[in-house]
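Read the structure below first, then the notes.
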Amino acid sequence: MTWTSVEMMTVTAARALTDDDVCFVGIGLPSAACNLARLTHAPRLRLVYESGTIETRPDVLPLSIGDGELCETALTTVSVPEMFQYWLQGGRITIGFLGGAQVDRFGNLNSTVIGDYARPQVRLPGGGGAPEIAACCRRIFIVMRHSRRAFVDRLAFLTTLGHGPTGQERRALGLTTEGPALLVSDLCIMRPHPETKELQVTSLHPGVTRDRVVEETGWPVAFSGVVVETPAPTARELEVLRDLHARTAAAHGVPAE
Amino acid sequence: MTWTSVEMMTVTAARALTDDDVCFVGIGLPSAACNLARLTHAPRLRLVYESGTIETRPDVLPLSIGDGELCETALTTVSVPEMFQYWLQGGRITIGFLGGAQVDRFGNLNSTVIGDYARPQVRLPGGGGAPEIAACCRRIFIVMRHSRRAFVDRLAFLTTLGHGPTGQERRALGLTTEGPALLVSDLCIMRPHPETKELQVTSLHPGVTRDRVVEETGWPVAFSGVVVETPAPTARELEVLRDLHARTAAAHGVPAE
Amino acid sequence: MSEFLSLHAAVAGLVRPGDTVALEGFTHLIPFAAGHEVIRQGIGELTLIRMTPDLLYDQMIGCGLAKRLVFSWGGNPGVGSLHRLRDAVERGWPRPIELEEHSHAAMAHAYAAGAANMPAAFFRGYLGSDLAAVNPNVRFIDCPFTGEQLAAVPALRPDVAIVHAQKADREGNVLLEGIVGVQKEAVLAARRSLVTVEEVVNALPRTSPNAVVLPSWTVTAIAVAPGGAKPSYAHGYYARDNAFYVAWDAISRDRGTFQAWIGEHVLSRSAEVAS
Amino acid sequence: MSEFLSLHAAVAGLVRPGDTVALEGFTHLIPFAAGHEVIRQGIGELTLIRMTPDLLYDQMIGCGLAKRLVFSWGGNPGVGSLHRLRDAVERGWPRPIELEEHSHAAMAHAYAAGAANMPAAFFRGYLGSDLAAVNPNVRFIDCPFTGEQLAAVPALRPDVAIVHAQKADREGNVLLEGIVGVQKEAVLAARRSLVTVEEVVNALPRTSPNAVVLPSWTVTAIAVAPGGAKPSYAHGYYARDNAFYVAWDAISRDRGTFQAWIGEHVLSRSAEVAS
């Protein structure tokens with residue numbers, strides 16, 4: 001079997017989800033990971049989309065967090081103010097998926113600007129729900145493609161708090177939620193060091209060398225004491241994922257991701 | 001035609017309502033007055049009950065603000081938090097009906113205790129929605145039976161702000177709503193003096209003498225320059241009101257009020 | 001996931017002596033059956049929370065279960081006072097009761113703040129009212145943008161919230177319809193919650209995409225209790241027993257008749273037979 | 001009472017140069033037809049407010065109508081950047097644009113505060129984020145009960161809110177169903193409001209007693225605009241045109257192709273023919 005790096009990321013992220021999780025799902029890869037998990041090992045996994053759809057069971061992947069199918073298959077759909085007040089801030093979400101243009105070694109994220117805020121080289125979409133997702137979900141999973149451009153030593157702008165600029169600010173702010181607990185890239189899996197909270201490589205995807213990760217990371221990346229190999233995607237995982245994308249492409253009339 | 005003092009009060013209060021009003025309806029007499037107005041001269045009058053029912057058109061009078069019929073005939077029913085946030089505090093209610101165990105000359109009301117708060121002679125039901133109804137509705141209509149016991153010189157407890165203890169505190173607090181604009185009792189109609197905000201008798205109900213009002217008021221009651229006679233209830237008003245009460249009694253299996 | 005239990009087991013498992021308990025219902029869907037089970041099990045020293053304490057709280061207070069009441073309007077709507085409540089407040093019978101008194105707007109906001117995991121609620125409240133002076137849990141802040149003085153009250157976070165609803169599905173999701181009051185907020189604000197329902201259905205009816213639904217993972221336990229709101233009512237099931245609300249005035253006025261009624265209609269009945 | 005008007009008359013009557021305007025829609029029911037009419041009438045110097053500015057705002061900004069944007073996430077969902085927005089922010093084309101940037105939670109709370117006539121919204125927000133430092137409209141207060149630091153943002157009170165909904169009845173009451181986003185809050189928070197609808201019916205269907213309904217007395221004007229949300233979608237009427245959202249990336253990337261598209265699909269069409 002062969003698979004793409006995106007498939008590897010999706011499968012790896014999906015495996016981290018359990019039957020008891022309630023996921024706040026962003027668009028793109030996190031949406032695919034959550035739905036893959038729901039269709040394979042975690043059928044009771046509950047998906048909540050920012051648009052207000054609660055416990056939705058889409059048959060195709062939504063292109064946006066507000067697609068019609070999300071509402072049609074949801075247990076109910078609440079207003080956006082209620083979603084952010086009672087459900088996100090209410091502490092009912094166990095896993096929040098986040099990504100960004102830039103991430104640093106402590107899981108802080110930038111989705112605002114590259115360059116100076118007032119006159120940016122690149123104006124990014126903005127934080128959206130991320131700043132409060134990061135604070136209110138019990139745990140954060142970061143899912144991003146691994147590159148020096150994205151994995152930076154210093155963020156141009158700290159949009160979304162991970163463990164904080166030095167890894168200790170989150171705790172100092174008195175937040176009771178865990179923050180980034182897992183980072184899945186197309187090269188490896190990273191988890192925060194228990195004390196320093198610095199993200200360390202704990203697993204390399206099949207065929208990925210340590211040097212490759214060092215090369216693609218903008219800070220002197222650390223490896224945990226034991227580094228394992230991420231199990232390859234199974235035939236079943238790939239089959240379910242590819243069916244999902246095929247159904248989505250057919251439904252949306254857009255090329256499968 | 002003969003009529004009861006309660007009927008006189010109900011008819012008089014109903015006449016003060018117009019097609020453009022949105023009323024926050026309490027139970028008892030205000031509910032009868034609003035529904036009478038809606039069934040006679042103000043068919044487009046809109047009724048909103050504290051329980052969340054918006055623009056409800058009950059065919060019988062509710063015994064409570066949460067009766068089933070209110071919901072069944074409402075345009076929609078919102079939660080109680082939304083009722084107090086978006087509808088009452090949102091400033092969408094033009095008329096708030098209030099009453100209480102005690103009222104003073106500036107339209108302040110007591111529905112909390114008679115005697116000392118910590119060890120009251122009489123523990124009353126409490127303010128309920130009144131304190132915020134008084135602040136947020138554009139105008140307040142007070143409807144109460146006239147007696148020295150209720151119309152007091154000094155309240156035992158100021159539950160709900162009228163124009164304030166000296167008549168000037170409301171304005172001083174920066175409230176932009178009008179406060180008590182009308183008091184209807186079973187003896188007369190009273191309106192606040194433009195400057196002092198002290199309630200003055202502006203109309204005496206048929207057969208009621210000035211002395212009677214003086215006798216039944218616990219403060220040296222003032223009469224406005226011109227005091228007219230409240231027009232007697234018309235045959236139609238009484239017919240519609242009595243039908244309404246008859247339907248209510250039949251529906252609730254309780255004696256008509 | 002919510003667990004289906006008998007009413008007896010649910011109350012025994014969720015409600016502990018000394019708890020703060022909210023049995024909410026804004027005239028509609030009042031959880032009488034569950035409240036009567038709390039009386040039968042004699043779970044005392046409770047702090048009862050309720051915007052509009054009515055007959056059920058009059059009964060629980062009259063049975064001496066409550067040491068404290070957090071409320072905003074206590075009465076028999078359209079009829080008169082709650083005599084057991086007044087007896088406790090005015091004459092300390094069967095035991096003295098502390099009061100924490102708020103306005104409806106304050107408690108509605110406080111429940112919403114509890115559901116939103118906020119420490120407090122902020123709103124335009126208590127202006128010129130003595131209520132603020134007699135309740136240390138009413139404070140004020142200045143708006144950081146306009147300087148306007150706003151009222152602040154602590155969020156309500158009951159140990160247990162008990163509500164009644166029309167339907168639950170097999171997975172334990174709950175549908176509330178009609179006058180929904182603060183029931184959703186009370187359940188979401190509480191540490192533990194019990195929902196008694198009229199019936200269990202295979203799947204909740206998809207009346208509207210925006211129906212008021214409590215997912216199973218927000219409810220601790222569900223007990224089936226047809227008629228569980230009587231003499232209050234359940235939209236779509238049975239009407240409000242207004243005649244009983246009127247009759248309660250006489251029943252509750254005298255301590256003896258009250259105790260006799262409780263003995264006959266509550267204590268001598270089992271949980272599964274709705275009163 | 002809401003007034004039934006043509007789309008042309010409604011926009012001309014309600015939207016004035018220099019207004020703050022919210023055309024809200026959280027991916028669903030986005031009021032494209034009304035937004036295109038604003039473009040056709042060239043109403044400029046606007047402060048545009050929108051949680052999730054997408055294609056419609058890209059078009060309005062690309063046509064130079066906006067001097068300022070209040071937003072929390074600006075992009076083409078699932079596709080990429082909004083090229084006209086980036087051109088305005090990064091290169092000041094067709095004119096420079098000021099940004100007031102918030103998080104979704106902040107704007108959702110701010111709309112609710114506006115609907116509730118509050119001066120500001122309070123919530124647990126912006127913790128450890130630089131967004132608070134670049135936005136003077138993000139301040140903090142200490143909870144008077146727990147001392148916890150809470151974020152405060154001014155309430156959103158647009159001069160005009162424009163939303164699209166499925167149905168209005170003859171009296172001008174409006175039914176919104178599905179993903180309702182912040183549309184109700186935006187209308188209730190605004191001074192004036194326009195609702196474009198798919199159709200007018202004799203009476204709104206009584207799907208649920210708790211359906212999301214805007215009474216006629218909370219809406220200034222209603223214009224019938226079938227297909228008025230396309231290429232967004234209307235639950236129960238038509239699906240989202242995902243293909244167009246993808247195609248927009250190429251159309252908007254170049255200034256010339258963008259202007260040609262606007263000329264052909266917006267300026268040369270009349271209000272009553274949905275784009």
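Values in this document were obtained by computation on a predicted structure and should not be read as measured data. Lettering follows sequence order; numbering is per chain, from 1.
What you find for A:P81 and D:V182 is that their closest heavy atoms are CD-CG1, 3.6 Å. In plain terms, the two heavy atoms of D:L127 and A:A135 that are nearest each other are CD1-CB, 4.2 Å. Minimum interatomic distance between D:A108 and A:F84 (heavy atoms only, all atoms of both residues): CB-CD1, 4.2 Å. Between A:T77 and D:G178, the shortest heavy-atom contact is CG2-O, 3.4 Å. D:V89 and A:P120 get closest at one heavy-atom pair: CG1-CG, 4.0 Å. Closest heavy-atom contact between D:G125 and A:E132: CA-OE2, 3.2 Å.
Atom CD1 of residue A:I133 and atom NE2 of residue D:H104 lie 8.0 Å apart, to the nearest 0.5 angstrom. Atom CG of D:D87 sits about 14.5 Å away from atom CZ of A:R123, to the nearest 0.5 Å.
Side-chain atoms of A:C71 and D:H235, non-hydrogen and from C-beta on, do get closer than 4.5 Å to each other. Between A:T112 and D:D130, the closest side-chain pair of non-hydrogen atoms is not below 4.5 Å.
Looking at D:M107, there are no atoms closer than 4.5 Å to chain A (heavy atoms on both sides), in backbone or side chain. Both the backbone and the side chain of A:E50 come within contact range of chain D, each with at least one heavy atom under 4.5 Å from a heavy atom of that chain. Contacts of D:R124 with chain A are made by both backbone and side-chain atoms, with heavy-atom separations under 4.5 Å. In this structure, chain D has heavy atoms under 4.5 Å from both the backbone and the side chain of A:L158. Contacts of A:P131 with chain D are made by side-chain atoms alone, with heavy-atom separations under 4.5 Å and no backbone atom involved. Contacts between D:A239 and chain A at a heavy-atom distance below 4.5 Å are absent for every atom of the residue. For D:F26, the parts lying near chain A are the backbone and the side chain together; criterion is any non-hydrogen pair under 4.5 Å. Looking at D:E185, only its side chain comes within 4.5 Å of chain A, counting heavy atoms on both sides.
The 12-atom threshold is not exceeded at CZ of A:R119, counting heavy atoms of other residues, nucleotides or ligands nearer than 6.0 Å. Open room surrounds CZ on A:R154; 12 or fewer heavy atoms of other groups in view lie less than 6.0 Å from it. No more than 12 heavy atoms of other residues, nucleotides or ligands sit less than 6.0 Å from atom CZ of A:R149.
Between chain A and the residues D:G74, D:A106, D:G25, the largest count of heavy-atom pairs under 4.5 Å involves D:G74. Counting heavy-atom pairs closer than 4.5 Å to chain D, the top-ranked of the candidates A:G52, A:C136, A:G126 is A:G126. Contact count against chain D (heavy-atom pairs under 4.5 Å) is highest for A:V122 among A:L175, A:V122, A:T159. The choice from D:G92, D:S103, D:S81 that makes the most heavy-atom pairs within less than 4.5 Å of chain A is D:S103. Among A:A134, A:G128, A:S31, the residue making the largest number of heavy-atom pairs under 4.5 Å with chain D is A:G128.
For the pair A:Y117 (side chain) and D:V134 (backbone), a donor-acceptor distance under 3.5 Å is absent.
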